[in-house]
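This is a predicted model, so every value here is computed, not measured.
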Amino acid sequence: MNLLKYIFLGIIQGLTEFLPVSSSGHLVIFQKILNINEPGIIFEITVHIGTLIAVVVYFRKDIIRLISAMFCWKKDRSREVRSSQMLVFYLFIATAVTGVIGILFKDKLEAVFDKLYLVGIMLLVTGSILFFSDRVKDGKRGKLNFLIAIIIGIAQSIAILPGISRSGTTITVGIYSGLKRQLATRFSFLLSIPAILGAAIFKIKDFGASGASEKFIPYFLALIASAAVGYFAIALMIRLINKAKLKYFSFYCWIIGFIVILVEIF
């Protein structure tokens, strides 16, 4: 692989990790249709770290506020601190739900990655989810609760399936649950931090079996590309969600989904 291919795959990861078009689905499509061999576990972890950097940098103020709140437990703490502590709690609940479901159904979920037509079908589902999310009026809930956190955690676990967008699904479920668009979006992106970090850590065990040669420069360039593109993808996504413009991505998912299914059939 030359440098441009590494950078290209970094860009694809940065875009599809946060835009509601399914990064795992696009990975499978590029492998199967375009005959691009997977660069290995080390490379996957590298570009995931890039997208992790993007979301941490973009939401750095929120993250600092949440971390600070966890070290403040005095009785007369402010309402803002209490709110931040509850947000951390709900992030933990949603992440735990995703983790438990992911562990229980790991083998079945991984089997789907070998079936390209299922990726196409899941992209059609993602397109439909995004299309109808625009038709839902902005919710009135300005706070999360235990049940909504569980539901969003379940939604995130379903998004493990290639072709189902993690960001699109969790944000849409949040909106359908009555959350304000801004809160649903913020929670989804903050929730991506433990999700991406967890996925990277889970793959570390396969380092020795990956067979990938350690190439610092191309991997570093891919990391930078995924981080930079991911940062702008987050900004674009937030703007479109607030304006209820996710239907543009639904058209894209439908087109790609139909193409993938037709390729498999013929």
Between OG1 on residue Thr98 and CD1 on residue Ile103, distance to nearest 0.5 Å: 11.0 Å

Sidechain-backbone polar pair: Gln156 side chain, Ser188 backbone, donor-acceptor under 3.5 Å: no

Nearest heavy-atom neighbours spanning Ser84 and Ala69: CB-CB, 3.5 Å

Shortest non-hydrogen contact from Ile148 toward Leu144: CG2-CD2, 3.9 Å

Residues that Phe251 engages under side-chain contact (heavy atoms from CB on, under 4.5 Å), provided they are two or more places apart: Phe131, Trp254

Pairs satisfying ring pair (Phe, Tyr, Trp, His ring centres under 6.0 Å), at least one member in residues 151-174, at least two apart: none

N/O donor-acceptor pair under 3.5 Å between Ser83 side chain and Arg79 backbone: no

Ile193 side chain reached by Ile63 side chain, heavy atoms, under 4.5 Å: yes

Pairwise side-chain contact, Phe187 with Thr170, heavy-atom cut-off 4.5 Å (strictly under): no

Ile217-Leu4 co-clustered via ILVMFWY side chain contacts under 4.5 Å: no

Check residues 52-59 and write down every donor-acceptor pair under 3.5 Å in which the side-chain atom is one partner and the other belongs to a residue at least two apart or another chain.
none

Which residues share a side-chain contact (heavy atoms from CB on, under 4.5 Å) with Lys61, sequence neighbours left out: none

Pairwise salt bridge (charged side-chain N to carboxylate O under 4.0 Å, His left out) hits with a residue in residues 151-178, at least two apart: none

Smallest separation among heavy atoms of Thr126 and Ser165, with atom names: OG1-N, 3.3 Å

Qualifying side chain to side chain donor-acceptor pair (under 3.5 Å) pairs with a residue from residues 240-252, counting only residues at least two apart or across chains: His26-Tyr252

Contacts of Thr172 that satisfy side-chain hydrogen bond (donor to acceptor under 3.5 Å, both in side chains) - sequence neighbours left out: none

Common cluster, Phe258/Ile121, ILVMFWY with side-chain heavy-atom separation under 4.5 Å: yes

Interatomic spacing from CG in Leu183 to CZ in Arg181 - rounded to 0.5 Å: 13.0 Å

Pairing residues for Ile255 by the side-chain contact (heavy atoms from CB on, under 4.5 Å) criterion, not counting sequence neighbours: Ile259

Side chain to side chain contact (heavy atoms under 4.5 Å, CB included) between Ile234 and Phe189, worked out: CA-CA 8 Å; Ile234 293 172; Phe189 280 119; 4.1 Å; yes

Sequence neighbours excluded - side chain to side chain donor-acceptor pair (under 3.5 Å) pairs with any residue from residues 64-73: Asp62-Arg65

Considering all heavy atoms, the nearest Tyr117-Ile261 contact: O-CG1, 4.0 Å

hydrophobic_cluster_shared for Leu124 and Leu262, side chain cutoff 4.5 Å: yes

Side chain proximity check, Tyr231 to Phe18, heavy atoms < 4.5 angstrom: no

Backbone of Lys74 reached by a side-chain donor or acceptor of Arg77 within 3.5 Å: yes

Side chain to side chain contact (heavy atoms under 4.5 Å, CB included) between Val47 and Thr51, intermediate numbers included: CA-CA 6 Å; Val47 293; Thr51 52; over 6 Å; no

side-chain contact (heavy atoms from CB on, under 4.5 Å) against Ala225, all qualifying residues, sequence neighbours excluded: Ile7, Ile11

Side chain to side chain contact (heavy atoms under 4.5 Å, CB included) assessment of Leu246 paired with Met237: CA-CA 8 Å; Leu246 291 184; Met237 182 69 172; 4.0 Å; yes

Side chain to side chain contact (heavy atoms under 4.5 Å, CB included) between Leu190 and Leu91, worked out: CA-CA 8 Å; Leu190 289 174; Leu91 287 169; 4.0 Å; yes

